Trainee: 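Sharing a structure here in structure tokens format.
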Amino acid sequence: MSIFEYNGSAVVAMVGKNCFAIASDRRLGVQLQTIATDFQRISKIHDKLFIALSGLATDAQTLYQRLVFRHKLYQLREERDMKPETFASLVSALLYEKRFGPYFCQPVIAGLGDEDKPFICTMDCIGAKELAKDFVVSGTASESLYGACEAMFKPDMEPEDLFETISQALLASVDRDCLSGWGGHVYLV
Amino acid sequence: MSPSLDLPPKGGFSFDLCRRNAMLENKGLKAPTFLKTGTTIVGLVFQDGVILGADTRATEGPIVADKNCEKIHYMAPNIYCCGAGTAADTEAVTDMVSSQLQLHRYHTGRESRVVTALTLLKRHLFNYQGHVSAALVLGGVDITGPHLHTIYPHGSTDTLPFATMGSGSLAAMSVFESKYKESLSRDEGIKLVVEAICAGIFNDLGSGSNVDVCVITKGHKEYLRNYLLPNPRTYANPKGFEFPKKIEVLLTKITPLKEKVEVIEGDAMEE
């Protein structure tokens, strides 16, 4: 069994018209046993920047705490919030630092940049950034999510449509994956 | 609590988690696969300079993770580098050497030379004995003329008139070996590079999507992103998806975002 399949996860982020949506499943498991059905994978960095960490839950929590620490230091020094592109570079650098002994998590970052332009990106566990203009996926259900999002995504969706699309894509994909499920959390900004 | 704070580190790799990861692997949990750029990257020297070409597919195992990624990285205004291998390694190594070249430019006050970039890259890669898995095609035009080099993950380099790297390198090399000649013109050069990349895209499973081309000549560079799109998405339903059954929402929480307070510049306080 792969280290990524220890806890199970499914995360997806999509871009709409001046908005973004990030969604994750709610299951936390230990291999095949479910130990929580309301696990929060998506965390807020600041009002307009969210990060979801799929993969090993312990590494996700540790990495999140380090990122919050770095962002707070940044806020104290610069007296403003971090832009999503800058934050993505920060996460990438933190992950690449551990190149030969990595954190077993794949982050999905979603935020609103200057003039409320939506920004999404994902990375593999050593920090290789993958920017996309439509959607990004991560987690054990990622193969199904790729398929569902390719079919269901339309560019420039309004927030209500975006919510519907991302939820349908997430629920359809986790139904085909044993290690993720139990509903979903969706953040729409 | 250990006294060492989690301050921003001074740089370089940190091996903190290696022991834990080795323990997990002993317990039978397999390590993850990294994002690889399956890739076909090529370069050739033509009459006035250097042309670099790359495909745009990034794979994660058998799945295509990114259909349009950038593999031609900026090193200096007159030097570009294509990268194959582990995506994080090529990005990190090219960014790092690009910064070092910038500092060197400030220090010397001169345009960067391709051999400088070459030496910086090969020293770094040899240092890590091939574990930093980045195979690069470095090309540029400096005061001494046009140069094209290939750099292997273990740190060895070659200087060639035409070069290919990546999983599609054999397909692309076959095109170059049969059609390359000395002193090609710009258009002939671009045509040959595009043909080589297309050979890689269509015959190699690790390469695909679009073709990126970068033309570097003395004092001028042209980065043609998505020069050719030979794999458009056909048969997409124009009506889109209809959802007959609406999503059941269990809880909705709407948080209006507070407007940030504007700090208006005022007079300094009187002592």
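Quick caveat, the model's predicted, so the values are computed rather than measured. Chain letters run A, B, ... following the sequence lines, proteins first and then strands; every chain starts at 1.
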Trainee: Supply the atom-to-atom distance B/Glu60 CD to A/Gln106 CD, rounded to the nearest 0.5 angstrom.
Mentor: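 Spacing of CD (B/Glu60) from CD (A/Gln106) equals 5.5 Å.
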Trainee: For atom CD1 of B/Ile63, is the number of surrounding heavy atoms from other residues, nucleotides or ligands below 6.0 Å larger than 12?
Mentor: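 Check passes, neighbour count above 12.
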Trainee: Chain B heavy atoms under 4.5 Å from A/Phe153: which part of the residue, side chain, backbone, both or neither?
Mentor: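 The answer is neither part of A/Phe153.
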Trainee: Non-hydrogen atoms of chain A under 4.5 Å away: do they reach the side chain of B/Lys67, the backbone, both or neither?
Mentor: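 Looking at B/Lys67, just its side chain touches chain A.
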Trainee: Can you confirm whether B/Arg225 is buried at CZ, in the sense that more than 12 heavy atoms of other residues, nucleotides or ligands lie under 6.0 Å from that atom?
Mentor: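 Count over threshold, so yes.
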Trainee: Non-hydrogen atoms of chain A under 4.5 Å away: do they reach the side chain of B/Val132, the backbone, both or neither?
Mentor: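 Both parts, backbone and side chain.
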Trainee: Taking every heavy-atom pair that is under 4.5 Å apart, which of B/Asp89, B/Asn68, B/Val64 has the most such pairs with chain A?
Mentor: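 Sorted descending by pairs with chain A, the first entry is B/Asp89.
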Trainee: How about NE2 on A/His185, more than 12 heavy atoms from neighbouring residues, nucleotides or ligands closer than 6.0 Å, or not?
Mentor: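 More than 12 heavy atoms, drawn from other residues, nucleotides or ligands, come within 6.0 Å of this atom.
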Trainee: Measure across B/Leu17 and A/Gly101 and return the closest heavy-atom pair with its distance rounded to 0.1 Å.
Mentor: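 The answer is CB-O, 3.3 Å.
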Trainee: Could you tell me which portion of A/Leu56 (side chain, backbone, both or neither) has an atom closer than 4.5 angstrom to a non-hydrogen atom of chain B?
Mentor: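 For A/Leu56, the contact with chain B is made by the side chain alone.
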Trainee: About how many Å separate CD1 of A/Ile3 and CG of B/Leu24, when rounded to the nearest 0.5 Å?
Mentor: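 If I round to the nearest 0.5 Å, the distance is 4.5 Å.
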Trainee: Do you know which of A/Ala151, A/Gly55, A/Gly127, A/Gly183 has the most heavy-atom pairs under 4.5 Å to chain B?
Mentor: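 Most heavy-atom pairs under 4.5 Å with chain B: A/Ala151.
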Trainee: Given that the side chain runs from C-beta out, which part of A/Leu95 has a heavy atom under 4.5 Å from chain B: side chain, backbone, both or neither?
Mentor: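 For A/Leu95, neither part sits under 4.5 Å from chain B.
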Trainee: So which of B/Glu248, B/His131, B/Glu70, B/Lys253 has the largest heavy-atom pair count under 4.5 angstrom toward chain A?
Mentor: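 The residue among B/Glu248, B/His131, B/Glu70, B/Lys253 with the greatest pair count is B/His131.
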Trainee: Could you list all the side chain to side chain donor-acceptor pair (under 3.5 Å) pairs where at least one residue sits in residues 1-20 of chain A, not counting sequence neighbours?
Mentor: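 Side chain to side chain donor-acceptor pair (under 3.5 Å) check on residues 1-20 of chain A returns no pairs.
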Trainee: Under a 4.5 Å heavy-atom cut-off, does chain B meet the side chain of A/Thr165, its backbone, both or neither?
Mentor: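 For A/Thr165, heavy atoms of backbone and side chain both lie under 4.5 Å from chain B.
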Trainee: Given that the side chain runs from C-beta out, which part of B/Arg19 has a heavy atom under 4.5 Å from chain A: side chain, backbone, both or neither?
Mentor: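 Interface part for B/Arg19: neither.
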Trainee: Quick check on B/Leu103: does its CG atom have over 12 non-hydrogen neighbours (other residues, nucleotides or ligands) under 6.0 Å away?
Mentor: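 Check passes, neighbour count above 12.
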Trainee: Given heavy-atom pairs under 4.5 angstrom as the criterion, report whether the side chain, backbone, both or neither of A/Gln31 touches chain B.
Mentor: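 The side chain, not the backbone.
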Trainee: What's the separation between atom CG in B/Asp16 and atom CD in A/Glu97, rounded to the nearest 0.5 Å?
Mentor: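 Going from CG on B/Asp16 over to CD on A/Glu97, the span is 8.0 Å.
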Trainee: Hey, is CD on A/Glu79 packed in by over 12 heavy atoms from elsewhere, all under 6.0 Å?
Mentor: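 No, because the 6.0 Å sphere around CD of A/Glu79 holds 12 heavy atoms or fewer from other groups.
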Trainee: Less than 4.5 Å to any heavy atom of chain B: does that hold for the side chain of A/Phe4, its backbone, both, or neither?
Mentor: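 A/Phe4 touches chain B through side-chain heavy atoms alone.
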Trainee: Given a strict heavy-atom distance threshold of 4.5 Å, which part of A/Phe100 is in contact with chain B: side chain, backbone, both, or neither?
Mentor: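 Both parts, backbone and side chain.
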Trainee: For chain B, which of A/Cys125, A/Pro102, A/Ala132 has the most heavy-atom pairs under 4.5 Å?
Mentor: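 Highest number of pairs under 4.5 Å: A/Pro102.
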Trainee: Out of curiosity, A/Lys98 NZ to B/Cys18 SG, how far, rounded to the nearest 0.5 Å?
Mentor: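 Taking NZ in A/Lys98 and SG in B/Cys18, the distance rounds to 9.0 Å.
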Trainee: Can you tell me which portion of B/Asp95 sits under 4.5 Å from chain A's heavy atoms? Options are side chain, backbone, both or neither.
Mentor: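 Answer is neither: B/Asp95 stays 4.5 Å or more from chain A.
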Trainee: Considering residues, nucleotides and ligands other than B/Phe126, do more than 12 of their heavy atoms fall under 6.0 Å from its CZ?
Mentor: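 Not more than 12 within 6.0 Å, no.
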Trainee: Taking atom CD of A/Glu143 as the centre, report whether more than 12 heavy atoms of other residues, nucleotides or ligands fall under 6.0 Å from it.
Mentor: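 No, not enclosed.
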Trainee: For A/Lys48, which atoms come within 4.5 Å of any heavy atom of chain B: side chain, backbone, both, or neither?
Mentor: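 Contact with chain B involves the side chain of A/Lys48 alone.
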Trainee: Do B/Arg20 and A/Phe104 have side chains that approach each other closer than 4.5 Å (heavy atoms only, starting at C-beta)?
Mentor: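 Side chain of B/Arg20 against side chain of A/Phe104, heavy atoms only: contact under 4.5 Å found.
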Trainee: Of the non-hydrogen atoms in B/Asp66 and A/Leu131, which two are nearest, and what is the gap between them?
Mentor: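 Looking at all heavy atoms of both residues, the shortest contact is OD2-O, 3.9 Å.
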